[in-house]
J.: 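Input: one structure, supplied below.
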Amino acid sequence: MTGARSSAIESQELKDLRAAVAALGQRHGRGHDREVLWAEAAKLGYLGVNLPEEYGGGGGGMAELSIVLEELGAAGCPLLMMVVSPAICGTVIARFGTERQKRTWLPGLADGSRTMAFGITEPDAGSNSHRITTTARRDEESGGWILTGRKVFISGVDIADATLIVGRTEDARTGSLKPCLFIVPRDAPGFQRSQIDMELHAQEKQFELVLDEVRLPAESLVGDEDAGLLQLFAGLNPERIMTAAFAIGMGRYALARALTYARERQVWKAPIGAHQAIAHPLAQAHIELELARLMMQKAAALYDLGDDMGAGEAANMAKYAAAEACVKAVDQAVHTLGGNGLTREYGLAALVTAARVARIAPVSREMILNYVSHQTLGLPKSY
C-alpha cells in the first residue's frame, strides 16, 4: 500500500506504532464496526497515546496520535472523534485543566470509556471566531456560570459524555468579551441538540446545539478565565494537525485502491497502470500526499516541543496541503476506476464528498491562505 513505508525521519518507536496501528486497521477495514474498533484501539492504548501517563495516557504527543489516525484512515476505518476527543479536548484539559478536571476526564478519554465533543462554530460566526455570541455570565446565587447561545456543525454530540463549549465572558476591566472554555455535560438542563440532515454519510453525526440558560458549577470553567485565546489555540492547532492526518489517511486509502486496480485491470495488451496517462497522475498524488505528511510531521514536532507559534503556522500549512492532496488523490482514484469508481463495491464514490470536508473544516483553505498572507508573508490584512 502506498505510504505504508514509515518515514526515515521517524524514530523506531514511531515506526513500530505505525506498523501496529496499520495492522489493527487492516483487521477492521472499510466495513468496520465503529464501536468495536474504538474499544480495541482504546484497549491497545492508541486513543490516549498523546495524554499524560499519570492520567492513564501514553505520554506521547501529536506525533503519535496523528500516526494512529492516519494509519486507520489508510485502512479505510478512520475514527473522526479522535480529532475531537483526545486531540482537542484531551489536550486542552491536560494543559490547562484543574487537577479535578484532569482526574475526572483524562483517564476516560484515554481508555475510550468517555468521549468529549467540541463546540466552537456558530450559525452567524462561521470562520470569524471573534464574533462568537455564546456568552457566559456569573450566577450570583451559586457562584457558577450561566451559558446562553447556539452552536452548529458539532460532531458526535450524541455519543459524547460532554461538550467543550467555547463561550465568551465579559472582562470586568474593559467590558469587552473574551473567549473561555466550559465543560457542558450532555444531560445539563437547557442543553439541547438537533441533528443536521447531511448529504454526507458518516458514522459521526452533525448537530446544532442550543444552550438555553445552561447553569454550570464554577469548576466547569477550564483553565484561567483570563487566558483567552492561548487556551483556545492550544486545542485548534492539534485539530488542524489531526485533520491533516485524517485527510492523508483518506488519500492513501483511495490511492491504494486505484493502484491495485491499475495493476490488475487490462483493456489492451497491458495493465492500464502501464499507461502514463494513468501512472503519472497517480504518482503525482503519491508525491503530494508524502509532502503533506512531512508538513504534518513538522507541525506535530513543533507542537510537541511547546512551540505554539511555530506549530500554528505549520499546522495550518499541513491542513491545507493534506486537504488538497486528499481531494486530488480521491478524484484520480475514481477516474482510474472509471464507472467502477462510482460503485459501492470499491468504496470510493462516498469519498468524493468526504474528501471535501478537509477543505472546509475546521477552517477553510481561504482562511488558511489569509493566515499565511498576513502572518507569514507580512502582507496587509483584508478583514
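When reading the values below, keep in mind they use all heavy atoms of this one structure, side chains included, and skip hydrogens, waters and symmetry mates. Bear in mind the structure is a predicted one, so any value in this text is a computation, not a measurement.
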J.: Please determine if Arg293 and Glu290 form a salt bridge, counting it only when a charged side-chain N lies under 4.0 Å from a carboxylate O.
T.: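 Glu290 and Arg293: salt-bridged.
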
J.: Output the distance between atom OH (Tyr303) and atom OG1 (Thr91), rounded to the nearest 0.5 Å.
T.: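 Rounded to the nearest 0.5 Å, the OH-OG1 separation comes out at 5.0 Å.
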
J.: For Met116, is there any backbone N or O sitting under 3.5 Å from a side-chain donor or acceptor partner on Ser85?
T.: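 Such a contact is found between Ser85 side chain and Met116 backbone.
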
J.: When you measure from the side chain of Lys151 to the backbone N and O of Val166, does any donor-acceptor pair fall under 3.5 Å?
T.: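 Yes, Lys151 side chain to Val166 backbone: donor-acceptor pair under 3.5 Å.
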
J.: For side chain to side chain contact (heavy atoms under 4.5 Å, CB included), just list the numbers for Thr336 and Ile272, CA-CA rounded to whole Å, side-chain angles, deciding distance to a tenth of an Å, and then say yes or no.
T.: CA-CA 9 Å; Thr336 299; Ile272 61 172; 4.3 Å; yes

J.: Would you say Gln12 has more than 12 foreign heavy atoms packed within less than 6.0 Å of its CD?
T.: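 More than 12 heavy atoms, drawn from other residues, nucleotides or ligands, come within 6.0 Å of this atom.
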
J.: Which is it for Tyr320 and Leu369 under the side chain to side chain contact (heavy atoms under 4.5 Å, CB included) test, yes or no, and what are the steps along the way?
T.: CA-CA 9 Å; Tyr320 179 94; Leu369 292 173; 3.9 Å; yes

J.: What do you reckon, is NE2 of His275 surrounded by more than 12 foreign heavy atoms closer than 6.0 Å?
T.: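 Enclosed: over 12 neighbouring heavy atoms sit under 6.0 Å from NE2 of His275.
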
J.: Please answer whether the main-chain N or O of Ala333 pairs with a side-chain N or O of Arg257 as donor and acceptor at a distance below 3.5 Å.
T.: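 Between the backbone of Ala333 and the side chain of Arg257 there is no qualifying donor-acceptor contact (under 3.5 Å).
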
J.: How long is the span from the CG atom in Leu44 to the CG atom in Leu17, to the nearest 0.5 Å?
T.: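 Here the rounded value is 10.5 Å.
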
J.: Evaluate whether atom CE of Met309 has more than 12 neighbouring non-hydrogen atoms of other residues, nucleotides or ligands under 6.0 angstrom away.
T.: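 No.
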
J.: Is Arg18 salt-bridged to Glu71, going by a charged N under 4.0 Å from an acidic O?
T.: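 Answer for the salt bridge query: yes.
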
J.: Please check this pair: side chain of Gln284 against backbone of His286, looking for a donor-acceptor N/O pair closer than 3.5 Å.
T.: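 It does not hold such a pair.
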
J.: Can you check side chain to side chain donor-acceptor pair (under 3.5 Å) on Asn370 and Glu366, steps first, answer last?
T.: CA-CA 6 Å; Asn370 282 336; Glu366 288 74 23; over 6 Å; no

J.: Step by step, work out the salt bridge (Lys or Arg N to Asp or Glu O under 4.0 Å) result for Glu54 and Lys102.
T.: CA-CA 10 Å; Glu54 58 265 40; Lys102 292 176 184 179; over 6 Å; no

J.: Mind running side chain to side chain contact (heavy atoms under 4.5 Å, CB included) on Cys77 and Arg30 for me, showing each step along the way?
T.: CA-CA 5 Å; Cys77 49; Arg30 183 162 64 97; over 6 Å; no

J.: In Å and rounded to the nearest 0.5 Å, what is the CZ to CG distance from Phe118 to Leu236?
T.: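 Atom-to-atom, Phe118:CZ and Leu236:CG are 5.0 Å apart.
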
J.: Could you walk me through whether Asn50 and Glu64 pass the side chain to side chain contact (heavy atoms under 4.5 Å, CB included) test, one step at a time?
T.: CA-CA 7 Å; Asn50 65 306; Glu64 288 84 358; over 6 Å; no

J.: Determine yes or no for a side-chain-to-main-chain donor-acceptor pair under 3.5 angstrom, with Gln101 supplying the side chain and Phe96 the backbone.
T.: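 Side chain of Gln101 to backbone of Phe96: no pair is present.
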
J.: Does the distance from a Lys or Arg side-chain N to an Asp or Glu carboxylate O, for Arg215 and Asp139, drop under 4.0 Å?
T.: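 Salt bridge: yes.
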
J.: Quick check with a 6.0 Å cut-off and a 45 degree axis cone: is Arg137 positioned over the face of Trp145's six-membered ring?
T.: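 No, a cation-pi geometry is absent between Arg137 and Trp145.
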
J.: Distance-only, no hydrogens or angles: does the Thr343 side chain make a donor-acceptor pair with backbone N or O of Gly339 under 3.5 Å?
T.: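 The answer is no, because no donor-acceptor pair under 3.5 Å joins these two groups.
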
J.: List the residues meeting side chain to side chain donor-acceptor pair (under 3.5 Å) with Glu208, not counting sequence neighbours, and say none if there are none.
T.: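 Side chain to side chain donor-acceptor pair (under 3.5 Å) list for Glu208, sorted by chain: Arg150.
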
J.: For the backbone of Gly29 and the side chain of His32, can you confirm whether one donor and one acceptor N or O come within less than 3.5 Å of each other?
T.: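 Present.
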
J.: Short question: side chain of Arg186, backbone of Thr163 - any donor-acceptor pair under 3.5 Å?
T.: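 No, the answer is negative, given that no donor and acceptor are paired below the 3.5 Å cut-off.
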
J.: Taking atom types as modelled and ignoring hydrogens, do the side chains of Glu313 and Thr376 form a donor-acceptor contact shorter than 3.5 angstrom?
T.: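 Yes - a donor-acceptor pair under 3.5 Å links their side chains.
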
J.: Enter the distance from Ile241:CD1 to Glu239:CD here, rounded to the nearest 0.5 Å.
T.: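 Reported value, rounded in 0.5 Å steps: 11.0 Å.
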
